[in-house]
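Below is a structure I'd like to ask you about.
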Amino acid sequence: MRFDALTLFPDMFDVVSQAGVTGRAHKQGIWQMRTWNPRDYTTDVHRTVDDRPYGGGPGMVMLADPLNDALDQALADRGDKPEVILLSPTGRRFNQAVAQELAQGPGAVLVCGRYEGIDQRFIDARVTQELSLGDFVLSGGEIASLAIIDSVVRLLPGVLNDADSARQDSFHADNSGLLDSPHYTRPEVYRDQAVPEVLMSGHHGRIQAWRREQSLRLTALRRPELIEQARQRGELNKADERFLASLD
Ligand SMILES: CCN(CC)Cc1ccc(CNC(=O)c2csc3nc[nH]c(=O)c23)cc1
């Protein structure tokens, strides 16, 4: 698994290659990270990477040529033909299913735009898919790339183990597709607030039932559409439905 990032801010990618669970996996050689700065592929004395938009309008647009040359280098260095993914507000919405998709492959080249965007002729010629993190405005593609790399690398064999806070199947733990139930740890009473008794009971059946009810309650409150999706997938049993009915 190798990720290459075309970015004007290569140092940002130390966050995933040097820190945390992904940093450890990078150190172990489970995945590789390379960055390519389009500014290093400019030919003018000012090392220009952007210019004004034809047709007018605010801001600047990234030039196609430095991006093309940086991409050529990245692909030559890799030697395979990976997805060339443009991070963009106009892209397909990234989610866990896309992360699973990417985790099956060799990685990708992630093209990080800045300014108002990238010359469309680079996109038309070189980009194989566009991904967005969601409907909010970021300053560029780098933070979206970091999130995508993090979520994909966690899915690779050997990256997460039981000791890690969220096992790789945590998204589909016993409360598959529902929001997590609350977490508690020591001390048993903190600033006069005690841990829910059931969690101290050692009664695993009751603990599991309590956690399931907490997940259902929180999901029904904050993300009701996830309840319907779980229902459609046949993942809600009679006890779940009885509990949900008791909330109405
Ligand atoms: C004029 C309207 N804007 C589009 C929403 C212009 C614009 C804003 C921010 C950007 C930079 N954002 C990204 O490169 C980006 C890349 S992935 C992503 N996901 C969510 N939100 C994002 O802004 C992004 C590019 C153009």
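Whatever order the structure lists ligands and atoms in, that order sets their numbers, starting from 1. Scope of the values below: all heavy atoms of this structure, side chains included, with no hydrogens, waters or symmetry mates. The structure presented is a predicted model; accordingly, all values stated were derived computationally and were not measured. Starting from 1, each residue takes its place in the sequence as its number.
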Report summary line: closest protein heavy atom to atom 19 (N) of ligand 1 is L133 N, 3.0 Å
Report summary line: the protein heavy atom lying closest to atom 8 (C) of ligand 1 turns out to be V137 CG1, 3.6 Å
Query raised in the report: In terms of residue, atom name and distance, what is the protein heavy atom nearest to atom 7 (C) of ligand 1?
Result: E116 OE1, 4.1 Å
Query raised in the report: What is the nearest protein non-hydrogen atom to atom 12 (N) of ligand 1, stated with its residue, atom name and distance?
Result: L138 O, 3.3 Å
Query raised in the report: What is the nearest protein non-hydrogen atom to atom 17 (S) of ligand 1, stated with its residue, atom name and distance?
Result: S88 N, 3.3 Å
Query raised in the report: Is Y115 in contact with ligand 1, taking contact as a heavy-atom separation below 4.0 Å?
Result: yes
Requested in this report: Check each of P89, G134, G141 against atom 20 (C) of ligand 1 and report the one with the nearest heavy atom.
Outcome: G134
Query raised in the report: Ion pair present between R121 and D65, side-chain N to carboxylate O less than 4.0 angstrom?
Result: no
**Report entry** Ionic contact status for R39 with D50, cut-off 4.0 Å
**Finding:** no
Query raised in the report: How far apart are the closest heavy atoms of F9 and T7, and which atoms are they?
Result: N-OG1, 2.8 Å
Report task. Going by the side-chain contact (heavy atoms from CB on, under 4.5 Å) test, name the single residue among D119, I118, V49, T48 that passes it with L63. Result -> T48
Requested in this report: Can you label the angle between the Y41 ring and the W36 ring as parallel, tilted or perpendicular, going by 30° and 60°?
Outcome: tilted
Requested in this report: Answer yes or no: is there an ion pair linking E101 with R92, defined by an N-O contact shorter than 4.0 Å?
Outcome: yes
Requested in this report: Please indicate whether any nitrogen or oxygen in A144 is less than 3.5 Å from any nitrogen or oxygen in ligand 1.
Outcome: no
Report task. Could you check if a side-chain atom of L67 sits within less than 4.5 angstrom of a side-chain atom of L6, using non-hydrogen atoms only? Result -> yes
Report summary line: If we number the atoms of ligand 1 from 1 as shown, the ones under 4.0 Å from a heavy atom of S132 are 19 (N), 20 (C)
Query - Pairing of R211 and E213 as salt bridge, 4.0 angstrom limit - result: no
Query - Under 3.5 Å: N/O of F136 near N/O of ligand 1 - result: yes
Requested in this report: Flag atom 2 (C) of ligand 1 as yes if some protein heavy-atom distance to it falls below 4.0 Å, otherwise no.
Outcome: no
Query raised in the report: Side chain or backbone of R114 under 4.0 Å from ligand 1, or both, or neither, by non-hydrogen atoms?
Result: neither
